[in-house]
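Only this structure's heavy atoms are used, side chains among them; waters, hydrogens and symmetry mates stay out. The sequence lines fix the lettering, A, B, ..., with proteins before strands; numbering per chain opens at 1.
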Amino acid sequence: MTASIPDSPIDEPLAYDPAAVELKWQRRWQERGTHAVDLRGGERPFYALMMFPYPSAEGLHVGNLFAFTGNDIYGRFQRLQGHTVFEPLGYDAFGIHSENYALKVGEHPMRLIPRNIANFRRQLDRAGLMIDWRYQVDTTDPSYYRWTQWVFLQLFKRGLAFKKRAAVNWCPNDMTVLANEQVIAGQCERCGAVVEQRLLEQWFFRITDYAGRLLDNLDWLDWSETTKTAQRNWIGRSTGARVRFPVEPKAGAAPGSTANNDVAIEVFTTRPDTIFGATYLVLAPEHPLVAPVTTDAQRGEVAAYREQAGKQDLVARKVNKEKTGVFTGGYATNPATGAPIPIWVADYVLMEYGTGAIMAVPGHDERDFEFATLFELPIPRVVAGEGDDASTPLAEAYTGDGRLVNSGEFDGLDVDAAIERITAWLAEREAADAQINYRLHDWCISRQRYWGPPIPIVYCDACGTVPVPEDQLPVVLPDIPDFRPDDTGISPLARHEEWYFTSCPSCGAKARRETDVSDTFLDSAWYFLRYPSADRDDVPFDPALTKKWLPVDSYIGGNEHAVLHLLYSRFITMVLHDAGHLDFEEPFTRFRAHGLIIRDGAKMSKSKGNVVNPDDFMDQWGADAFRTFLMFLGPYEQGGDFRDQGISGVRRFLDRLWSSARDCTPSGEPDAAVLRKLHQTIRKVGEDTARLSYNTAIAAMMEYMNVLRTGERTVHRAEVEPLVVLVASFAPHVAEELWELFGHTTSVFDASWPVFDPALATEDFVTLAVQVNGKLRGTIKVAATVTQEEAMAHARADAGVAKFVTGAPRKVIFVPGRLLNIVV
RNA sequence: GCCGAAGUGGUGGAACUGGUAGACGCGCUGCGUUCAGGGCGCAGUGGGUGCAAGCCCGUGCGGGUUCGAGUCCCGCCUUCGGCACCA
C-alpha cells in the first residue's frame, strides 16, 4: 500500500537515511570490488573518460563534480547495457597553478600535492563515482612522468622537438614563458599581467606539420560542434599563394652593382586575383629584409620606427589599431604589372604569420585602404562589383564579389576564376606558388619553472645536444627547498649544481642538464593512454591493453579545453601513431563538452561568496540527491543554474521511490496503465541517457513516479523494481539498497537494463487535437487505430467543433494519433 | 569585423524529422492532516475577459511560406562563447 511518510523519523526505522545508505554501499563496493574492471578479460569494453582534475587546495569544485557525475552516469548506463566499463580518474598535479599556490603558502609542492589528492579522493568517493582506483594516474609521480619524458624523446627522435631562439611571451609576474594559447588579449591567462616579449632559447613541438591532418580529421570526429568550431578557428587555414616580388636595385647604387638583384620579397595572399592592384609592399618591423632594402636616406627613420615597434608589447600592438609605418626608400617589382612599387615597414603586418610581408591592395583590403589613405598612396580599383565599372571611385575597400578590371588580359573574370587563373599564370612565370597557410603556431613546451617534468636532454661540449637514453629515465625532479623562479629566464633547477652537472650519456664527459621543465599540457596530452597500464612500470602503455581499450569511446570535459588540451592530445596521438606505437590516430572517438554551472543566475566566484560547497549539500541531502539534482538543473551540454531550493524536489522523488519500494506488495498484477507508462519510461530514459539528455530522463522518471503514486493505489513490486534499475546510474546508492531489499545478492550494476516492450508501451486510446482552420477547437478521445472518417464523425459530434464546421469541409488533414485539422 | 550557440510563464527548463506550447521541478495559492511549525497528501497556477461553457492574445522584433510555425525562409535586435591588424 502507499504509506505516507511518518511524522517522526526517530521512531520510524524505514525512513530513507542517505548518510547511512551511502556509507554502507561505498564500503560494500570497496569490499566486493564492484568497481574493479577486468581489463584483459572483460567483454564489450567501453572506455568512459572524463578530464582529470587539478587537485587544488580548495577541494573539489562543484563544476568538477558536475563533469564527473555526468560521465559516471554515462559509464554506469553503459555497464547496465552489458559493457565492461572502464572509468578511471587521476590528477593533473604539475604546473604553474600548483607551484604558485605552494609559493604563496610557503610549502613545498611535493608535500602539498599528496594532501590535496587525499582530500580529492575523499570527496570523489563520497560522490559515489564508479572509479577503479587501481589504475589511478598522478602526473607528478616519477612512474608517470618517466613516460612523459619518453613521449618527448619520441618527438625528438622524429625531429618534431627542436630548440630555437625565439621571441616568446613572458609573464613578468609568474616569471615564465607562456604559450600563445595562454595569452588572452595580451595578458597572462593565469594572473592577468601584461605579457612581454623576450628572446629565449625554447623547446618547441612541430605541431604545425600536423595542422592539415588536425583540421581534416575534424570532419569525421563525433564531437560537440562547438568544440570542432573552436579547433577550426584555432588552426585557421587560409588557402592562397606565395608570391615573389623582386627587389629593385637601389637608386644610387654603383653602375653594374648587383646589390639586391637576386633578392625577392615573398608575400602570402589569399587574393592573388587582386595582384594588379598591389601598389606597395609592407614588411613587418622584424623582417630580415628591412635593412637590406632600406636606402641610406631613410635609414635613420626606419631604424627609429623598428626600435619603437620592438619595445611595444603585444597589448599595445594589438589594441592600438591606428596605422603607423615608414617608407624604406626601396622598391620591388610587381610581377604582374612589371611596375616598381614602394616597400614600407609597418607594424600592422605580423612577423609570426605568413611570410611577415604582404602585398598591399588598398582598393580591396580594409587595412591596406586605411594605410594608403593615411599615407596618400594610390588606391586603384581592380574588382568591380555590381553596377561598378573600371573607373568607379572607391570610397572604402571593396571586398565583395565581382569581375576583374584594370587587370590586363584577366579583365572580366569573376573573382573565383581569377584566383585560379592568375595563380597559375604567376606560377608559370615562377613568380608564385599555391600555398596553404595556418594560423596555428608551433607548440612551445619549455617552462623556466620548477614544478614539472625535467626535459630529458643533456648538453655536452663534445657531443652537443644529447637525449637521455630511454633506459635512464626518469630524469627525476630533485626535491629542492628553493624552487622560486627568478627574473633571469633560467629555471630554478640551474641553481642546483649537483643536479645540473651530469655526465654525457654519449661520451661520459662532464655535461649539463636541460633545466627547463615541460608544459603541463604535455602531461595531459597522453594520460588516457596510461590509465589501462597504470600498474605497469616496464612500458608506457601495454600494446594488447591499448588495442583493446583505445581509442576512448566517450570523453567528457569542459569546453575551456576545446583548443589546448584536446588539440595537443590529438597531435601527440598522431605522432605516436606515425611512430608505430598506436594503430589509431585520433584518441577520442566521441567527445561531448558539458556546460557550466552558475548559481542564482551568476557565475560562481570566491569573491562573490556564492561558491557551492559539494560537501555541505551532500551532508544535508545525500550524494544521490546531489548528483541527481546536478543533472536535473538543465541540459548537460549547456549547464544550469544552481538554486538551492531546487534540490528538495529531487530529494522528494527519491523519498517517494524509497517508500514505494519498501511498501509495495511483493506480488499482484501491475495495472495496465501503469505498465504502459513504465515501458514508455524505459524507452525514454534509455534514449535520453544515451544522448546525455539527463534532465529529461529524470523528468520522465518523476512522471512515472507520479503515475505510480496516483491516489491511494497499491504499488506492486513489478512496477517499482524496473524503476530502481533506471534510476541506478543517477542515484547508485539508494538503487543498490532497494535492489538488495528486493532480495538480490549481486550489485544492481550487474543486472541488466529492463527490456522495453513496444507492444506494452502502445496506447489503445489517444487524444486527438481537433483544429478548424488550424485553430484548436477541441479534443476527442478515440481508439488509436481510428480512420480519418471515424475521427471526422467524432469531431462533428463535438459541440465546440461543430459550431465552426457548418457545411462540407474544403479540406481535411489527418495525422493519426496527433490531430485532425478541418479547413472550411 | 568574422565564425558559432541561444532568446519560451514568477523561476530552472520541456516540446522527436512543422502537428494540442509550457512536460518535470522550484516558487506561489487554497484545502486536508497537525496544539503549532515542518513534513506529507489533494487541488490549482501563461496573460486578458466572462457567472459559466467559452472567446481573444501569447515562444526577442518585423515580414513570409504552410491547412498548421517555438520549430522552416528573409530582414533586424539582444545575450553568451571562439577568433581577431592572420593578409
Nucleotide of B:A87, B:C56, B:G54 approaching A:Lys803 most closely (side-chain heavy atoms): B:G54
Can you see which heavy atom on A:Asp600 is nearest to which on A:Arg643, and at what distance? OD1-CA, 3.9 Å
Would you say A:Arg439 places a side-chain N or O within less than 4.0 Å of OP1 or OP2 belonging to B:C83? no
I'd like to check A:Val727 versus A:Leu657 (side-chain heavy atoms, cut-off strictly below 4.5 Å). Are they in contact? yes
Between CG of A:Leu564 and CH2 of A:Trp234, what distance do you get to the nearest 0.5 Å? 6.5 Å
Taking atom C1' of B:C80 as reference, at what distance in whole Å does atom CG of A:Asn559 sit? 13 Å
In whole angstrom, give me the gap between the C1' atoms of B:U20 and B:A36. 45 Å
Regarding B:C83, can its base be found pairing with the side chain of A:Asn233 as donor and acceptor, where the two atoms are less than 3.5 Å apart? no
Could you tell me whether A:Gln788 atom CD has more than 12 heavy atoms of other residues or ligands within 6.0 Å of it? yes
Of all the heavy-atom pairs spanning A:Asn334 and A:Ile275, show the shortest one and how long it is. ND2-O, 2.9 Å
Please work out which of the three classes, parallel, tilted or perpendicular, describes the rings of A:His364 and A:Tyr398, given edges at 30° and 60°. perpendicular
Looking only at side-chain N and O atoms, does A:Ser238 come under 4.0 Å of OP1 or OP2 in B:A87? yes
Determine the contact category for A:Arg237: base if any of its heavy atoms lies under 4.0 Å from a base atom, sugar-phosphate if only primed atoms, P, OP1 or OP2 are that close, otherwise nothing. nothing
Across the strands shown, which category fits A:Phe804 at heavy-atom distances under 4.0 angstrom: base, sugar-phosphate, nothing? sugar-phosphate
Taking the same atom, P, in B:G46 and in B:G9, what whole-Å distance lies between them? 13 Å
Pairwise side-chain contact, A:Phe730 with A:Thr69, heavy-atom cut-off 4.5 Å (strictly under): no
Is it the case that over 12 heavy atoms from other parts of the model lie below 6.0 angstrom from the CG atom of A:Leu221? yes
When the distance from NE2 of A:His364 to P of B:C85 is rounded to whole Å, what number comes out? 23 Å
If you find the nucleotide of RNA chain B closest to A:Thr226 and the one closest to A:Asn437, which residue's nucleotide is nearer the 5' end? A:Thr226
Candidates B:U11, B:C85, B:U20 - which lies nearest the side chain of A:Arg643: B:U11
Pick the P atom in B:A69 and in B:G64, then give their distance to the nearest Å. 12 Å
Between CD on residue A:Glu637 and NE2 on residue A:His594, distance to nearest 0.5 Å: 10.5 Å
Sticking with atom C1', work out how far B:A23 lies from B:G70, rounded to a whole angstrom. 15 Å
Give me, pair by pair, the N or O atoms of the protein and of nucleotides 57-59 of chain B that are less than 3.5 Å apart, along with how far apart they are.
unit_1	atom_1	unit_2	atom_2	d
B:C57	OP2	A:Lys775	NZ	3.1

Taking protein heavy atoms under 4.0 Å as touching, what does nucleotides 21-31 of chain B look like 5' to 3' if B marks base contact, S marks sugar-phosphate-only contact and - marks none? --BBSSS----
Of A:Gly634 and A:Glu366, the one whose nearest nucleotide on RNA chain B sits closer to the 5' end is A:Glu366
Take atom CG of A:Leu819 and atom P of B:G18, then tell me their distance rounded to the nearest Å. 14 Å
When you measure from the side chain of A:Thr710 to the backbone N and O of A:Asn706, does any donor-acceptor pair fall under 3.5 Å? yes
Given the P atoms of B:G13 and B:C67, what is the spacing between them in whole Å? 36 Å
Please give, in whole Å, the distance from B:G19 P to A:Leu768 CG? 15 Å
On a heavy-atom basis, the closest approach of A:Ala769 and A:Leu776 is CB-CD1, 3.8 Å
Which of B:G82, B:U20, B:C67 is nearest the side chain of A:Ala230? It is B:G82
Would the A:Tyr280 and A:Phe371 ring centres measure less than 6.0 Å apart? yes
Please give the distance between the P atoms of B:G54 and B:G22 as a whole number of Å. 16 Å
Go through RNA chain B and write down every stem, that is, every run of at least three consecutive Watson-Crick or G-U wobble pairs with distances under 3.5 Å, as range with range. B:1-7 with B:77-83, B:10-12 with B:24-26, B:27-33 with B:39-45, B:46-49 with B:54-57, B:60-64 with B:72-76
To the nearest Å, give me how far apart CZ (A:Arg818) and P (B:U20) are. 6 Å
Nearest-Å distance once atom C1' is located in both B:C72 and B:G18: 8 Å
Classify A:Leu633 by what it touches in the nucleic acid, base, sugar-phosphate, or nothing, heavy-atom distance under 4.0 Å. sugar-phosphate
Over 60° means perpendicular and under 30° means parallel, so tell me whether A:His561 and A:His565 are parallel, tilted or perpendicular. perpendicular
Provide, to the nearest angstrom, the distance between the OH atom belonging to A:Tyr694 and the C1' atom belonging to B:G12. 19 Å
Which nucleotide in B:C56, B:C85, B:G4 has an atom nearest any side-chain atom of A:Arg777: B:C56
Roughly how far apart, to the nearest Å, are B:A6 and B:U71 at atom C1'? 14 Å
Rounded to whole Å, CE of A:Met631 lies from C1' of B:A14 at a distance of 18 Å
Starting at atom NE2 of A:His594, determine the distance to atom P of B:G81, rounded to an integer number of angstrom. 16 Å
Do A:Thr229 and A:Thr226 have side-chain atoms, one donor and one acceptor, less than 3.5 Å apart? no
Syn within 90° of 0, anti beyond: B:G9 is syn
